[in-house]
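Written below as structure tokens is the structure these notes are about.
Positions are given from 1, in the same order as the sequence printed here.
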Amino acid sequence: MRATLMYGPGDVRAENVPDPSIVEPTDAIVRIALACVCGSDLHPYHSMDKTDQGTPMGHEFLGVVEETGSQVHGLKRGDFVVSPFAFADNTCPICRDGFQTACPRGGWYGAGGVGGAQAEAVRVPQADGTLVKIPTDVDTALLPSLLTLSDVYLTGYHAAHMGRVGPGRTVTVIGDGAVGLSAVLASRRMGAEKIILMGRHTSRTDLGKEWGATEVVAERGEEGVAKVRDLTGGEGSHVVLEAVGLMPAYEQAYGIVRPGGIISRVGVPQYEEAPVGFGSLFGKNAQLAGGPAPVRAYIEQAIPDVLEGRIDPGRVFDAEVGLDQVADAYRAMDDRSRLKVLVRP
């Protein structure tokens, strides 16, 4: 079958690889109908060490179950499913607490011998706990929005959820990528009074305004902090949703957050050490929240929102490629000429 492998910075290839097979009795094999490139895929695209073997890429997909292991009881061949970007048993105490991305028996696509989702098929460990069935007769126009429940929309939702967004709150979203825009949409649905979107790409911030952003701030760094503080009467933002993962974004976040406020991070941090002392968090009694979104905790409640037309998060996709053109998708997202690219095997 064809699958996407990354060999080093800027080196993405679609190649022939062995078909996936059942390894553990809790596995399933899914034939992929729709996948995509994630903004987090661009981090290794910039910085990973070169390898001769290649790293399987992709972690968001919809597809059809082809085969199940002997201990998979909730799924059968032909089921149409959406997968969270991380697999989990969904039964352990950590999963029951709603943090499936930390499941002791869970893990990540593209790692530990598990293939990636930018492929024709993939092995899904812990299939019963991971995969969520969706109607087989769903309108195909809704498939991109259902795909966002695998990661991007529900990652934005998780940011807002962990930031305790609600009525009367001022929310600032840092980053106008697909996750940042999804965080705007989720914040509006949670009733935020004011939503400030920090971004400088007009085509993206225009969508952000359609989805509920009341203000757009194009400035960055100290200028951006000053602009947001001006928009909030000098008080700062009750909630800051950081959807980038780079240190300058974190610095903006603690400059913007209001005393007693919350910074919720869902951009995968490209750093381990960051200020938390008096001048950043401590002096403001500010809280730091967020992490890898346990989208499995939210998928089932979000599917009806898509099917019944309450949200259309698939609008973040602005291009589509086949597997053999996936390198073009990475380049387009890296140079910001595309927001998020669908991959159709």
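To the nearest 0.5 Å, the span separating NZ on K209 from CD1 on I195 amounts to 14.0 Å. Separating the CZ atom in R204 from the CG atom in L207 is a distance of 10.5 Å, to the nearest 0.5 Å. Note: M48 CE to H46 NE2 = 13.5 Å, rounded to the nearest 0.5 Å.
For E320 and R344, the salt-bridge test passes: some basic side-chain N is under 4.0 Å from an acidic carboxylate O. Taking 4.0 Å as the cut-off between side-chain N and carboxylate O, D11 and K50 do not count as a salt-bridged pair. Between K133 and E300, none of the side-chain N atoms (NZ, or NE/NH1/NH2) sits under 4.0 Å from a carboxylate O, so this pair counts as no salt bridge.
For the pair R258 and T232, the minimum side-chain heavy-atom distance is 4.5 Å or more. Contact check for C36 versus L147: side-chain heavy atoms found under the 4.5 Å cut-off. The shortest side-chain heavy-atom distance between V65 and V81 falls under the 4.5 Å cut-off. By the 4.5 Å heavy-atom criterion applied to side chains, T101 and F85 are counted as neighbours. You'll find the side chain of H158 stays beyond 4.5 Å of the side chain of V295, heavy atoms only.
Listed by chain and residue number, Y45 satisfy the ring-ring contact (aromatic ring centres under 6.0 Å, His included) test with Y330 (two or more places apart in sequence, or in another chain). In this structure F61 satisfies the ring-ring contact (aromatic ring centres under 6.0 Å, His included) test together with Y109, sequence neighbours excluded.
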